[in-house]
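Report on one structure; see the data block that follows.
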2 protein chains.
Amino acid sequence: MVWCMDVHDTAAADAPRRARGRPRKPPEARDEGNRRRELVRSAARLFRRRGFAAVSTRDIAAAAGMRSGSPFYHFESKSALLHAVVHEGLEQAVRSQDALLQALPADAPAHARLAALVRHHMQVLFGPEGDFIPVMLYEWRALSPAQRSAIARLKTAYEAPWMPVLQALHAAGLLRTEPRLARLFILGALNWTVQWYRPEGPLPPDALAAQALALFLGPPPPVFLETA
Amino acid sequence: MVWCMDVHDTAAADAPRRARGRPRKPPEARDEGNRRRELVRSAARLFRRRGFAAVSTRDIAAAAGMRSGSPFYHFESKSALLHAVVHEGLEQAVRSQDALLQALPADAPAHARLAALVRHHMQVLFGPEGDFIPVMLYEWRALSPAQRSAIARLKTAYEAPWMPVLQALHAAGLLRTEPRLARLFILGALNWTVQWYRPEGPLPPDALAAQALALFLGPPPPVFLETA
DNA sequence: CCTACCGATCGGTAGG
DNA sequence: CCTACCGATCGGTAGG
């Protein structure tokens, strides 16, 4: 092995350690936990833009202001980084969706509940943390089996609240498709928007959500059916 | 450079060419044009299963029964192979879609036309050539700008016939969403099925298409509106 | 279409 | 968290 320190330079070796190489950041700016978060954020952005396999750990390190080997101080592998992106994004999405449903009036009609779920889903896809879930949607394959099943549990938790809402709409005759299939089609149509929709365009995410809802439920909110 | 032929073995060099290395296939089994097609087919299957970046040109060569360098006899680069997959798949889809529309009665109602388009799209995704279009859908990014715009023209040709149908449904009040958005949502819901649907399961592709149509158009075919 | 090869890059690691 | 490095693999090519 070859080292950059010249082993023949005994004077330097015996002298007190001098600062070598590039200057270190002052300790208060390094802020341990945030370095890891910065890696996850950078990885999410790069994975979304170019895909997992096309992004190198060196790219991620550079985006987070580190050297090539440093991501492996925080994560044991590239795929562990992907797992962190997906896991943290999905955990946050489950949390905010649960909070949303808690905030709805207990007697909110199914139509209003579905509207809230669709609107929230678009916020998850295009909000400030908008890289995390698309990475899950499109880079699923790159996870190991063990990682996949950890994610699958969270995904089930995210999708669960959709079912009673779709079942109620189906029972009321407002949804002609079998609820489980309806959920797959609806989430598919919404997830696909990451391929073509730009939130900075003329149509804001909430308006896009309203258009999607109109496609699935046909006529405008038939309030009369719910409020007897 | 080092060659496998021993240059000191002048006797062998002067002797009439002997068969060296692995045996060649007889000429009639090689069938020039089909080798290229086999590469495209193998590439399509691998790109779909593992993604463009995760598949090596060696993998593709092996799947087509070739050695590592041989794909570059047929294609100038890995991305040219991807382009061939996408281009040939999309060309075929445009052709069969056009044939389908020609075969419909001239007075077929918009509802029936949309049903035919949706059914055909599922056949494109899950039929015998079912790897080609999913590769386009999910590996779009890996194409060069020039390749992308060549594909974009074909994609426009594929999507064009959907618009008059959706506009007619919109005008008839059977579709509550602006037609252009409806097209994006509908094709998105259908394209997403490659993530979860297995055609060898209990629900055949045509039945899946019917369920999707019911979701978008609500009530069963309102024939009375079209047949006066 | 194969053989033999090249330069570049990749994920990951030892040692500090 | 950096430095210096390793073995493996990758896309691609020259020459036949």
Side-chain angles (χ1 to χ4, degrees), chain A residues 1-7 13 17-39 42-43 46-47 50-62 64-83 142 144, chain B residues 1-7 13 17-39 42-43 46-47 50-62 64-83 142 144:
Chain A
M1 261 179 287
V2 178
W3 288 88
C4 67
M5 189 170 69
D6 187 354
V7 291
R17 286 270 173 271
R18 287 172 302 173
R20 282 174 298 118
R22 54 203 282 279
R24 297 294 183 92
K25 291 164 195 149
E28 71 279 9
R30 277 196 284 141
D31 201 346
E32 272 308 316
N34 278 4
R35 305 305 296 138
R36 195 195 125 103
R37 294 188 69 80
E38 183 53 35
L39 273 175
S42 299
L46 290 168
F47 288 160
R50 313 215 308 261
F52 175 77
V55 171
S56 71
T57 55
R58 283 161 171 80
D59 294 333
I60 299 166
M66 295 175 184
R67 317 292 276 203
S68 69
S70 302
F72 297 96
Y73 170 74
H74 296 277
F75 296 94
E76 70 172 349
S77 68
K78 186 186 176 190
S79 115
L81 237 173
L82 173 62
H83 182 257
S144 75
Chain B
M1 264 180 283
V2 177
W3 288 88
C4 66
M5 190 171 67
D6 186 355
V7 290
R17 281 274 173 269
R18 288 173 300 172
R20 282 173 299 117
R22 51 202 284 280
R24 294 297 184 91
K25 291 165 195 152
E28 72 276 10
R30 277 197 284 140
D31 199 346
E32 271 308 315
N34 278 4
R35 304 305 296 135
R36 195 196 124 103
R37 295 186 67 80
E38 183 53 34
L39 272 175
S42 299
L46 289 168
F47 288 160
R50 313 215 308 259
F52 175 77
V55 171
S56 71
T57 56
R58 282 161 171 82
D59 295 333
I60 298 166
M66 296 176 183
R67 315 293 275 204
S68 69
S70 303
F72 297 97
Y73 170 75
H74 296 277
F75 296 93
E76 68 170 352
S77 67
K78 186 187 177 189
S79 116
L81 237 173
L82 173 62
H83 183 255
S144 74

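Predicted, not measured: the structure shown is a model, and the values here were computed from it. Letters A, B, ... are given to chains in the order of the sequence lines, protein chains preceding strands, and every chain is numbered from 1.
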Counting only side-chain nitrogens and oxygens, does A/Arg67 get under 4.0 Å of the OP1 or OP2 atom of D/dC1? no

Could you grab the distance from atom CG of B/Leu46 to atom OG1 of B/Thr57, nearest 0.5 Å is fine?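 These two atoms lie 11.5 Å from each other.
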
Quick one: CZ on B/Phe47 to OG on B/Ser42, what's the gap to the nearest 0.5 Å?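 With rounding to 0.5 Å, CZ (B/Phe47) is 10.5 Å from OG (B/Ser42).
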
Tell me whether A/Arg36 contacts the main-chain N or O of A/Phe75 through its side chain, where contact means a donor paired with an acceptor under 3.5 Å.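 Looks like no, no N/O pair under 3.5 Å.
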
Using a 4.0 Å cut-off on protein heavy atoms (strictly under), produce a 5'-to-3' string for nucleotides 7-13 of chain C with B for base contact, S for backbone-only sugar-phosphate contact, and - for none. ---BBBB

Would you call B/Glu38 and B/Met66 a side-chain contact if the rule is heavy atoms closer than 4.5 Å?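 Side chain of B/Glu38 against side chain of B/Met66, heavy atoms only: no contact under 4.5 Å found.
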
Heavy atoms, side chains only, cut-off 4.5 Å: are A/Lys78 and A/Phe52 in contact? yes

From D/dC2, C/dC2, D/dC1, pick the nucleotide closest to the side chain of B/Met66?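 Comparing D/dC2, C/dC2, D/dC1 against the side chain of B/Met66, the answer is C/dC2.
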
For A/Ala53 and B/Ala54, which heavy atoms make the closest approach, and how far apart are they? CB-N, 4.1 Å

Smallest separation among heavy atoms of A/Ser68 and A/Ala61, with atom names: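 Taking every non-hydrogen atom into account, CA-CB, 4.2 Å.
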
Watson-Crick or G-U stems involving DNA chain C, each at least 3 pairs long, distances under 3.5 Å, ordered by first number: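 Listed by first number, the stems are C:1-16 with D:1-16.
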
Salt bridge (charged side-chain N to carboxylate O under 4.0 Å, His left out) filter on A/Arg58, not counting sequence neighbours, yields none

